[in-house]
2 protein chains.
Amino acid sequence: MTDRRGTTSPAGANGRRRSLGAARGEPRAARQPLERPAPLREAVYDVIAEMIINRELQPGEHLVENELAAHLGVSRQPVREALQRLHNEGWVDLRPALGAFVHVPTEEEADQLLSTRTLLEAESARLAAKLATPEQIERLKELQSVGEQALSDDSQVALVAANAALHAHVVEMSGNKVLAQLIAMVDRRVRWYYSPIARTRGREAWDEHALLIEMIATGNSRRAGELMRRHTERTRESYHQRRKDGEEQDAAS
Amino acid sequence: MTDRRGTTSPAGANGRRRSLGAARGEPRAARQPLERPAPLREAVYDVIAEMIINRELQPGEHLVENELAAHLGVSRQPVREALQRLHNEGWVDLRPALGAFVHVPTEEEADQLLSTRTLLEAESARLAAKLATPEQIERLKELQSVGEQALSDDSQVALVAANAALHAHVVEMSGNKVLAQLIAMVDRRVRWYYSPIARTRGREAWDEHALLIEMIATGNSRRAGELMRRHTERTRESYHQRRKDGEEQDAAS
DNA sequence: GGGTGGGCTATAGCATACAGTCGGCGAGAT
DNA sequence: ATCTCGCCGACTGTATGCTATAGCCCACCC
């Protein structure tokens with residue numbers, strides 16, 4: 001200890017774990033003085049969450065700390081911390097003395113997530129209609145046209161992104177950060193469950209969006225909330241429908 | 001340390017924990033429901049959360065890992081993991097390279113938590129009325145009388161506990177685990193904010209409970225939801241009222 | 001042949017060690 | 001006297017080491 005200047009060998013502990021830096025997209029060559037360290041655990045969290053969402057890690061799969069650490073080029077410590085956080089947010093189950101397993105979604109859970117989301121999103125729309133500023137409404141309309149464009153282009157990826165952006169903006173307009181936090185949590189998991197079965201509802205959904213924006217713009221909070229409720233409710237129905245279709249398809253094949 | 005399980009075992013490759021296994025295993029069929037070691041991090045989490053709730057740790061206070069670890073007789077590792085979880089649940093802020101600080105509640109945040117709670121609790125009451133079984137309704141009435149008893153005894157502690165138990169049971173009756181999880185999260189923080197300012201509303205609140213239970217028992221979901229909404233809304237109002245009173249008192253003193 | 005217990009291996013949980021960074025404080029310069 | 005710069009202590013972030021446990025395999029017993 002206290003070997004600050006004198007004995008610090010310059011050769012020790014330098015180029016390591018750079019691969020992760022690249023993985024989380026750090027194209028900068030020059031550094032800014034204000035640049036925060038950005039803890040490794042954050043990067044690890046992002047990577048693992050990503051792998052879970054796009055099914056690189058299957059539900060039920062055992063996540064071995066050593067493997068992940070080796071794979072990512074870091075020690076077990078940041079991996080553990082990332083797993084903790086993933087656990088808190090419902091992505092993985094942590095069985096004492098056994099470790100982390102990718103959470104296995106159940107149909108019941110998906111349904112509860114979807115209906116809870118309906119509740120929260122409807123409230124956010126209601127509040128948004130109450131508090132909307134002209135700039136925010138303008139922004140909403142922009143996002144709507146982005147979605148329309150994606151629809152014309154028939155670009156699923158862009159459509160999903162536009163949809164998320166629009167909903168996120170409504171949530172932000174509600175001004176309720178607690179609500180926003182809960183929606184963010186629920187929403188990500190919804191997307192995870194939902195993704196293998198269905199994509200956006202397309203035309204129909206964006207027509208509903210247009211109407212919703214109209215209500216928000218005119219400050220009709222009651223109808224805005226109601227519309228959003230129905231809107232997300234339909235998404236829920238389409239989830240069940242497509243899941244059923246999927247089963248039938250499975251049975252047929 | 002070493003006050004947990006007997007940790008002074010010689011690292012011998014042969015003399016493994018035979019004796020302990022036999023002692024714990026006992027004959028057959030006796031136990032082993034799910035006896036798990038219960039990770040240290042859990043215990044640490046509970047202790048720290050408790051300290052935050054009852055103001056042993058003041059808002060804004062810097063939580064130094066070493067101090068906590070020494071105080072609790074464990075290493076920094078479990079402490080760090082507990083802090084992670086506390087961060088995810090909004091109890092502490094984690095500033096990179098600076099460490100953990102007890103979250104400083106703002107009035108805006110308290111209000112948003114209270115109104116979000118209103119939304120969630122109302123929904124849980126609505127669902128509870130829809131799905132209630134006779135046994136659950138019976139249990140509700142029991143809890144109500146426990147509350148009435150506490151009211152007669154003028155026991156604040158018992159009253160708070162009874163109130164929490166009743167609400168928790170309604171939530172459980174809703175059958176929606178996602179909703180329950182969100183409410184649990186929001187509710188604990190509400191209690192934290194609320195506790196220094198106000199206690200339960202007493203008589204009034206329990207009259208409202210009685211009516212609510214009536215609606216749940218008769219399966220009137222619409223009115224049950226509405227009642228719960230008003231019920232928690234009044235709690236919110238009383239929060240603002242008492243906070244204002246407190247300010248005036250502060251100014252006067 | 002089937003059940004049972006011992007031992008082995010892999011892995012989580014916890015502890016310790018090390019390195020980098022932040023903020024403060026004081027000595028020296030202006 | 002005030003400002004600046006470099007040193008220092010403290011603490012976090014990361015890595016590594018150690019130990020106990022869970023689950024499995026196989027040998028052994030019935």
Side-chain angles (χ1 to χ4, degrees), chain A residues 1-18 20-21 31 33-45 62-70 72-84 87 92-101, chain B residues 1-25 27-28 32 34-45 62-70 72-84 87 92-101:
Chain A
M1 68 224 51
T2 75
D3 55 342
R4 212 44 227 108
R5 294 284 131 145
T7 56
T8 315
S9 102
N14 37 8
R16 227 213 192 121
R17 85 233 201 256
R18 275 311 92 191
L20 240 177
R31 326 219 116 199
L34 291 174
E35 186 178 334
R36 278 293 188 183
L40 263 188
R41 56 167 183 267
E42 297 297 327
V44 173
Y45 168 86
H62 185 185
L63 301 181
V64 179
E65 294 175 1
N66 270 326
E67 285 177 13
L68 288 170
L72 299 174
V74 300
S75 77
R76 281 174 53 210
Q77 181 79 5
V79 173
R80 279 180 70 80
E81 294 182 356
L83 289 175
Q84 291 283 329
H87 168 62
V92 310
D93 300 326
L94 239 43
R95 296 162 52 191
L98 292 183
F101 298 79
Chain B
M1 62 262 193
T2 71
D3 55 350
R4 278 158 51 66
R5 30 202 184 218
T7 48
T8 31
S9 88
N14 37 14
R16 279 197 144 69
R17 80 291 174 199
R18 269 318 85 198
S19 56
L20 202 133
R24 191 170 41 137
R28 49 179 57 259
Q32 194 107 6
L34 263 180
E35 187 180 341
R36 290 291 196 189
L40 261 189
R41 57 169 179 267
E42 297 296 327
V44 173
Y45 168 85
H62 185 187
L63 302 181
V64 179
E65 295 175 2
N66 266 327
E67 285 178 14
L68 288 170
L72 299 173
V74 299
S75 77
R76 278 176 57 208
Q77 179 82 3
V79 172
R80 279 181 69 82
E81 293 179 358
L83 288 176
Q84 291 281 329
H87 168 62
V92 310
D93 300 326
L94 240 42
R95 296 162 54 190
L98 292 183
F101 299 79

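What you are looking at is a predicted structure, and each value in this text was computed from that prediction instead of being measured.
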Exercise. Below 4.5 Å, heavy atoms only, C-beta onward: do Q77(A) and Q77(B) meet side chain to side chain?
Worked result: yes

Problem set entry | V74(A) side chain, from C-beta outward: closest of dG13(C), dA15(C), dA15(D) | dA15(D)

Exercise. How is L63(B) classified with respect to the nucleic acid when contacts are heavy atoms under 4.0 Å: base, sugar-phosphate, or nothing?
Worked result: sugar-phosphate

For this session: Let me know the distance between CD of E81(B) and C1' of dC14(C), rounded to the nearest Å.
Result: 9 Å

Problem set entry | Whole-Å distance separating the CZ atom of R80(A) from the P atom of dG13(D) | 16 Å

For this session: Give the nucleotide from the list dA15(C), dA12(C), dT14(D) with an atom nearest to the side chain of V64(A).
Result: dA12(C)

Exercise. Which heavy-atom pair separates A100(A) from L94(A) by the least distance, and what is that distance?
Worked result: CB-CD1, 3.4 Å

Problem set entry | Distance in angstrom units between Q77(A) CD and dC18(C) P, rounded | 16 Å

Exercise. Do H62(B) and L98(B) have side chains that get closer than 4.5 Å, going by heavy atoms?
Worked result: no

Problem set entry | Sugar-phosphate, base or nothing in reach of E65(A), heavy atoms under 4.0 Å | sugar-phosphate

Problem set entry | For atom CG of L83(A) and atom P of dA12(C), their distance in whole Å | 9 Å

For this session: Describe the nucleic acid contact of R76(A) in one word from base, sugar-phosphate, nothing, applying a heavy-atom distance below 4.0 Å.
Result: base

Problem set entry | Protein-nucleotide distance (L94(A), atom CG; dT11(C), atom C1'), rounded to Å | 13 Å

For this session: Rounded off to whole Å, could you give me the CD-to-P distance for the E42(A) and dT12(D) pair?
Result: 16 Å

Exercise. For H62(A) and dA10(C), what is the distance between atoms NE2 and P respectively, to the nearest whole Å?
Worked result: 14 Å

Seminar exercise, completed: Output for pair (L40(B) CG, S75(B) OG), nearest 0.5 Å, gives 8.0 Å

For this session: Round to a whole Å and report the spacing from CG of L98(A) to C1' of dG13(C).
Result: 12 Å

